[in-house]
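Each residue takes its place number in the sequence, starting with 1. Order of listing sets the numbers, starting from 1, for every ligand and every atom in it.
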Amino acid sequence: MNAATLNVLALSGSLRKGSFNTRLIEAAKGLAPKGMTIDIASIRDIPLYDEDVRSQGVPASVKTLAQKIRDADAVLISTPEYNYSIPGVLKNAIDWLSREEKQPFDGKPIAIMGASMGKLGTARSQYHLRQVFVFLNGLVMTRPEVFLGAAHEAFNDDGTLKDDGTQKIVAELLEKLWAWTKRLN
Ligand code: FNR
């Protein structure tokens with residue numbers, strides 16, 4: 001990390017092509033402060049956690065993702081909410097990563113946001129995700145909180161966010177993530 005750049009690795013907790021959470025990350029790229037890069041890493045190739053598989057060798061997809069997280073200055077996660085909690089695919093990826101020797105989230109600055117069609121905008125899922133990072137010592141920024149409700153109405157056709165207030169809070173999340181990362185370094 002140098003003063004002029006911040007490399008952020010983003011994870012979407014949804015695999016589907018039209019994911020509002022992936023779209024929210026894409027929209028965030030356009031709102032990032034100068035010098036910040038946001039690269040999305042997919043969790044699609046992470047297999048279901050199985051200790052028997054792990055004991056025969058950690059899958060390459062897990063090792064690659066762990067290294068990308070280690071190499072990043074900060075992590076940005078956009079999570080859906082499934083049954084009031086973290087989607088299984090995201091939790092599964094975190095579970096694999098958590099067993100890596102140099103645990104990639106340890107001491108890592110993290111910002112969380114999320115999008116859902118409901119009113120609460122993934123609030124319950126985000127609080128569960130925060131709890132997971134307590135154990136992993138992932139340093140999740142407390143504020144601002146970005147809960148994008150009615151996500152099916154939130155985006156323009158070009159992927160930008162319709163609402164000024166939403167754009168502002170996402171931009172603020174990114175600015176504060178940079179300040180948070182500096183502070184922790
Ligand atoms: C959902 N959805 C949902 N929404 C919500 O606000 N609270 C919830 O508890 C749930 N539970 C839930 C469970 C399961 C199994 C599915 C598939 C969906 C709806 C969910 O927010 C919606 O599908 C989002 O669009 C998912 O995020 P992506 O894929 O658009 O990023």
Asks: Could you check if a side-chain atom of Trp178 sits within less than 4.5 angstrom of a side-chain atom of Val8, using non-hydrogen atoms only?
Replies: no
Asks: Is Glu172 paired with Lys168 through a side-chain N to carboxylate O contact shorter than 4.0 Å?
Replies: no
Asks: For Phe20 and Phe155, take the angle between the two ring planes, folded into 0 to 90°, and tell me which bin it lands in: parallel under 30, tilted 30 to 60, perpendicular over 60.
Replies: parallel
Asks: So do Leu129 and Ile94 actually touch side chain to side chain, heavy atoms under 4.5 Å?
Replies: yes
Asks: Any chance NZ of Lys91 has more than 12 other-residue heavy atoms, nucleotides or ligands included, within less than 6.0 Å?
Replies: no
Asks: Sequence neighbours excluded, which residues qualify as side chain to side chain donor-acceptor pair (under 3.5 Å) partners of Asp50?
Replies: none
Asks: Please list, by chain and number, the protein residues whose heavy atoms come under 4.0 Å of ligand 1.
Replies: Ser14, Arg16, Ser19, Phe20, Asn21, Pro80, Glu81, Tyr82, Asn83, Tyr84, Ser116, Met117
